[in-house]
Amino acid sequence: MMLSANIILIGAFLLLLLLGTPIAVALGLSGVAGILTGLDQYALGTVGTNTYNSIAKYPLIAIPLFVLTGVIFERSGVARRLVEFAAYFVGPRRGGLAVVAIVVCMIMGGMAGSGPADAAAVATVMIPSMRRAGYPNAFSASVIAAAASTAILIPPSIALIVYGVMVPGTDIRALFAAGLTPGLLAGIFIAIPTLIISRKHGFGATEAGDAGPKRRFMDIFIQALPGLMAPVIILGGLRSGLFTPTETAVVAVFYGIFIGLFVYRELRFRDIYKAMAESAETSAVIMLIIALAGIFAWAGGTLGAFDSAANALLSITDNGWVILAAIMVILLFAGMLLDGVSIYLITLPLIIPVAQTYDWNLTWLGVLMALNIAIGQFTPPVAVNLIVTARIARVPIESTVPWVIWMVLSMVVLLGLMMAVPDIALWLPKALGYVV
Amino acid sequence: ADYKEEYKVSTVVPAPFPWGLAAEKWVELVRERSDGRINMKVYPGAQLVSGDQTKEFAAMRQGIIDMAVGSTINWSPQVKELNIFSMPFLMPDYAALDALTQGPVGKELFSIIEKRGVVPLGWAENGFRELTNSKLDVKTPADLNGLKIRVVGSPLYLDTFTALGANPTQMSWADAQPALATGAVDGQENPLSIFTVAKLQNVGQKHVTLWGYVADPLIFGVSKRVWETFTPEDQDLLRKAAVDAGVYGVEVARKGITAQDDSTLKDIEGMGVTITRLSDAERQAFVDATRGVYEKWAKEIGPDLVKTAEESVANRKQ
Amino acid sequence: MASSPVQDDEPEAVRDVDRPAVSGRVEEVLAAAAMAGICVISFGNVVVRYATNASFAATEEISIFLLVFMTMIGASLAFTRGGHIRITAIVDRLPRTARISVMMLTHALTLIMFALVAWYGTKLTLDEWEFGETSPALGYPSWIYTVWLPLISLAIIARVIGRARREWRAHKTDAMLTDPATGDDVLPGDAADPTGAKRGTSA
Ligand code: NA
Ligand code: NA
């Protein structure tokens, strides 16, 4: 009876997912189906309590706040100044503007908690000038979508907040610190195929002649400084212990509003309302998945579905590395179809027992999963960053595949490197004195 | 009878905390004595209510959870009379705590709980809650002035710490540990078993005050809906097993932290932590400072019940 | 990108699908207000903690409630606009009739889900009311927080029905449309609607 309930739980989820049911509803309803098969009608009362309790958690307040931070900085005119700043260093050369886009995505990633706001900000500013410099729009959309995925590795990161809330004994600040180095490396691993492709096809060849009027470094720097300070404030606030992650998020929101209103003066009060409304809706979409996935997780936990899946995984082989590699492959495929939060909610209950069996470091595992989810953000067909940049570039998503595939492959190489050398992630939290 | 394949038992902290040990003991005794007919499983971390331990009682009443070994603090939002154990300085020692749980107060509470849809079977223990902080040895209420203290979720706790001049902050246990580590919060209050198992000395909690201001007994409970499906013989079996598991649970909870056996206290001191023991006069200063809170909450909880409790404490066996 | 769902270059039928009879502005204002509330309370906590010695502790309960409220009300808005994350790769490749049928089926499934949340949310609220349950921090009656779960679920049900009706109408009156931006085929209500991509963001 329990076994068939498990099959119904998983089967119903996959069926509903493929039919195009909203992922949140697919999770909740398949949980209901599992409960009705394997437990009793009273257990269905969990649909009331768990829906509420799954999201009524204080650390989750950081999620809407870091979504809002990203939107506020997107609207406040930071991206354009950062582009000028980065372009000054890179200079006009083949592939130069593409590298500028990557660098700006990474700096903006130090303000935004998720990829799409980052992708939107940079794509809006960069795609027109990249087009003038001879980059095809599909290529620009690919580069920016891939680079914006660093936003969930470079702190702050919504994915790592969800992981920290779900996995007891992990410290969100340690997770944030562990994400920084892999996030910077991810930028480099995206830049490598970007430069090779640009050279080979001569993208950006017209940049040299399009240098525009020369401006003094100090002007450009002072203009970019308030934007450059934002990641410093966020990282510094977390590091110093002045603020909890939630408080850091709200300080960043108020800083962004201040910069937009009074320093750059590109933000109006009306924009603040719009930013609040839009980020409330975006956060609600994420949070509804967390709410209804609570039913799925409750059903899977009480029916023993996660335990049997973990045991099945462990029975394949005794070799921890093979199992880790298998998990990473499963996550990569899941990343093609599912958003990051859903992936955590569905897979963590079965991955954590496996991790405990092999004594894997949970902070390292969290960052590995975040890197996996980052890759998923620009791997078609469901690729939130790519949807945003393709829309702004006005190209069909299919047209980005020949370009974006190389960035996916490059990031998979980085994933392998991080599996082999945990200290790539862990040296920084260790150096900062966090328990990892 | 048509029994479930598995009965789900909710707890907040797992073994090796005394709380988890008591729950596991219950499961084990029931399995043995029923020859495996009644199969229970402990789900720690309040995972059956998505981590919100204050919803455990309501979920049991609705039949979402079959059974629980729950804290009186966590059940007090639904059973306000359980706040009696959180009345500041009502119980001076273990004998007083036992006089309440094993006396007329315990009986009265069990009948209230049963009226609210949960069948209570026995008592175990999380322990007396002691104060720890990173700043100074707290000997007087004045020492608490301005200290930021993380407290558990009940309005009575906020009132008590506010009356003592401290700055109480409510946060989940998950948030509390980083907050203590960074100094965003100075101190916390919990049974010593939580201090040792969670290694709070590593997050700067170097000052412990043994003031025993409140206690946190645990109750073995079964959803009434589930209870009625058992035969009278099996109901008896479950109840006796709970009582026996409770005796064991109380024993492990008190191990090493009593006057007779203070080995755990010695271990804590060995880790560079100072332990402050209050004299009767020092303790009285805290009693006086929280008297207003005590009187306000006596009305909320029920003056008769509080009076019975005071009598039980006064007449306790020493 | 503008947050408004209406852009000039969208086909008329696509715009109609995103135009409910009762404006989504209701939810939008409430969701934005909840977000603003969270910001003000959280920022207030920081300021009070560093500037004074006073306690602002119990506000966590309000922040958490605002988070739940914002989630439900924002989800309602996203249902109005078809902004929830879902996989459309297969549905988009179905023939027209099959496609609208599957879309209507997923709306029906969504209705069942929120009918269950409304039903069990009501039971939960009544239980809390009947037994006089109080909130852990402020000691308020718990039902004043919980009641919004079933209430907004009812609003979501209404929104899903409205969306289904508009999509059905558009299906009846319009031929297959082509999105000028991407060249994709657009049946009104597709995930391909312009701001949907932005809204369906995730971690
Ligand atoms: Na980030
Ligand atoms: Na993807």
Side-chain angles (χ1 to χ4, degrees), chain A residues 16-25 28-29 32 44-45 47-49 51-52 55-56 58 60-61 64-65 68 114 116 120 152 158-159 162 243 246-247 250-251 253-254 273-274 276-288 291 337 339-341 381-382 384 387-388 391 394 396, chain C residues 1 3 28-29 31-32 34-36 38-39 42-43 45-46 60 63-65 67-68 70-75 77-78 81 83-91 102-103 105-106 109-110 112-113 116-117 119-124 146 149-150 181-184 194 197-203:
Chain A
L16 292 175
L17 194 67
L18 296 178
L19 281 178
T21 319
I23 290 175
V25 175
L29 270 187
V32 167
L44 218 49
V47 172
T49 33
T51 305
Y52 194 94
I55 48 174
Y58 189 72
L60 292 179
I61 291 175
L65 289 176
L68 178 60
S114 72
I152 68 166
I158 285 169
V162 175
F243 313 123
T246 308
E247 291 172 351
V250 77
V251 168
V253 166
F254 278 78
Y273 166 77
K274 286 197 159 190
M276 296 242 172
E278 193 180 311
S279 44
E281 190 183 344
T282 301
S283 317
V285 168
I286 300 171
M287 296 290 297
L288 188 73
L337 293 176
D339 64 289
V341 169
V382 178
V384 282
I387 292 172
V388 170
R391 176 64 58 179
R394 311 207 140 236
Chain C
M1 298 225 315
S3 66
E28 193 185 278
V29 169
M35 176 66 100
I38 291 172
C39 288
S42 304
F43 197 65
N45 258 326
V46 180
E60 183 173 303
S63 297
I64 291 171
F65 163 69
L67 178 68
V68 175
M70 190 193 79
T71 299
M72 293 302 290
I73 208 86
L77 184 57
R81 296 176 180 170
H84 283 280
I85 306 174
R86 60 200 190 96
I87 298 177
T88 54
I90 295 175
V91 184
V102 171
M103 285 169 67
L105 174 65
T106 63
L109 291 166
T110 306
I112 294 173
M113 180 77 250
L116 286 168
V117 177
W119 173 254
Y120 286 102
T122 306
K123 282 184 77 165
L124 179 66
T146 323
L149 183 71
T182 62
D184 288 348
K198 181 74 182 306
R199 276 186 255 119
T201 49
S202 89

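Quantities reported herein were computed from a predicted structural model and do not represent experimental measurements. A note on names: the letters A, B, ... follow the listed sequences, proteins ahead of strands, and every chain is numbered from 1.
The shortest non-hydrogen separation linking A:Leu29 to C:Met113 is N-SD, 3.4 Å. The heavy-atom pair separating C:Tyr120 from A:Gly48 by the smallest distance is CB-N, 3.6 Å. Minimum interatomic distance between A:Ser279 and C:Met35 (heavy atoms only, all atoms of both residues): OG-CE, 3.6 Å. When all heavy atoms of C:Thr71 and A:Ala284 are compared, the closest pair comes out as O-CB, 3.4 Å. Looking at every heavy atom in both residues, A:Val250 comes nearest to C:Cys39 through CG2-O, 3.3 Å. Nearest heavy-atom pair, A:Thr21 versus C:Arg86, reported as atom, atom and distance to 0.1 Å: O-CB, 3.6 Å.
Counting heavy-atom pairs under 4.5 Å between each of C:Thr146, C:Val68, C:Leu124, C:Val91 and chain A puts C:Val68 at the top. Taking chain C as the reference chain and counting heavy-atom pairs below 4.5 Å, the highest number among A:Val32, A:Leu65, A:Val47 is found for A:Val47. Between chain C and the residues A:Gly28, A:Ala291, A:Gly45, A:Ala280, the most heavy-atom pairs under 4.5 angstrom are made by A:Ala280. Your options are C:Ile112, C:Ile73, C:Leu116, and the one with the most heavy-atom pairs under 4.5 Å with chain A is C:Leu116.
From A:Met287, atom CE reaches atom CE of C:Met70 across 6.5 Å, with rounding to the nearest 0.5 Å. Atoms CD1 and CD1, on C:Ile85 and A:Ile23 in that order, are 5.5 Å from each other to the nearest 0.5 Å. The line from CE of A:Met276 to CD of C:Glu28 is 13.0 Å long, rounded to the nearest 0.5 Å. In this structure, OG1 in A:Thr282 is found 10.0 Å from CG in C:Leu77, a value given to the nearest 0.5 Å.
Using a 4.5 Å cut-off between heavy atoms, C:Leu105 touches chain A through its side chain atoms alone. If you measure heavy-atom distances from C:Leu67 to chain A, the contacts under 4.5 Å come from the side chain alone. For C:Leu109, the parts lying under 4.5 angstrom from a heavy atom of chain A are both the backbone and the side chain. For A:Leu44, the parts lying under 4.5 angstrom from a heavy atom of chain C are both the backbone and the side chain. In this structure, the portion of C:Leu149 lying under 4.5 Å from any heavy atom of chain A is its side chain and not its backbone.
A:Leu18 pairs by the side-chain contact (heavy atoms from CB on, under 4.5 Å) definition with C:Ile90, not counting sequence neighbours. Legend: residues meeting ring-ring contact (aromatic ring centres under 6.0 Å, His included) with A:Phe254, ordered by chain and number and at least two apart, are C:Phe43.
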